[in-house]
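To start, the structure itself, in structure tokens.
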Amino acid sequence: QVQLVESGGGLVQPGGSLRLSCAASGLTFSQYALSWYRQAPGKEREFVARIWRFGGSTTYADSVKGRFTISRENADNLVYLQMNKLKPEDTAVYYCKTSDLYNVEYWGHGTQVTVSS
């Protein structure tokens, strides 16, 4: 069974940085990408960043371009989201997600990021 566990969230001041981690287990070649999504209070869940497991191409939401960086380790069992120049509007629960070739999505339980002074 695919399992995703997020960590690294916390409270940070505007302009600060955090690095989120997603530890993945049970992945096969069917899971072609790992992504970060977030959901703020009163808002729907939105896409943040994606990295392809094979090749390493990345995609970012316009709202985080230039500030966030998604990366992975060579073993592809850890995916990171480096978040710099954080803004209050970045406050949300951040979720790790993977998609497979059968259109099945697997989600972690999320980690809270709060940007506030």
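Just the heavy atoms: all of them, side chains too, but no hydrogens, waters or symmetry mates, feed the values below.
V113 places none of its side-chain heavy atoms less than 4.5 Å from the side chain of R38. Within the 4.5 Å cutoff, side-chain heavy atoms of W52 are placed close to those of T59. Looking at F29 and R53, their side chains never come closer than 4.5 Å, going by heavy atoms from C-beta outward. Between V2 and Q31 the shortest side-chain heavy-atom distance falls below 4.5 Å.
Nearest heavy atom pair, residue L81 against residue A49, reads CD1-CB, 4.2 Å. Across every non-hydrogen atom of L4 and Y106, the tightest pair is CD1-O, 3.2 Å. Shown here for Y60 and I70, the closest heavy-atom pair between the two residues is OH-N, 2.9 Å. Of all the heavy atoms in S99 and E105, the pair that sits closest is OG-CG, 4.2 Å. Minimum heavy-atom separation, E6 to G108: OE2-CA, 3.1 Å.
Here L11 contributes atom CG and Q112 contributes atom CD; the two are 9.5 Å apart, rounded to the nearest 0.5 Å. Between F54 atom CZ and Y32 atom OH the span is 12.0 Å, to the nearest 0.5 Å. The distance from atom CD of Q3 to atom CG of L27, rounded to the nearest 0.5 Å, is 10.5 Å. The CZ atom of R45 sits 13.0 Å away from the OH atom of Y94 when rounded to the nearest 0.5 Å. Within the model, atoms CZ of F68 and CD of Q82 stand 9.5 Å from one another, a figure rounded to the nearest 0.5 Å. A distance of 11.5 Å separates OG1 in T98 from CD1 in I51, rounded to the nearest 0.5 Å.
Between K87 and D90 there is no salt bridge, since no side-chain N of the basic residue sits under 4.0 Å from a carboxylate O of the acidic one.
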Give every donor-acceptor pair under 3.5 Å between a side-chain atom in residues 14-26 and any protein atom, sequence neighbours left out.
{"residue": "S17", "atom": "OG", "partner": "N84", "partner atom": "OD1", "Å": "2.9"}

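Through chains of ILVMFWY side-chain contacts below 4.5 Å, Y95 is grouped with Y37, F47, V93, W107.
In terms of hydrophobic clustering, with Ile, Leu, Val, Met, Phe, Trp and Tyr side chains grouped at heavy-atom distances under 4.5 Å, L34 and V104 are assigned to a common cluster.
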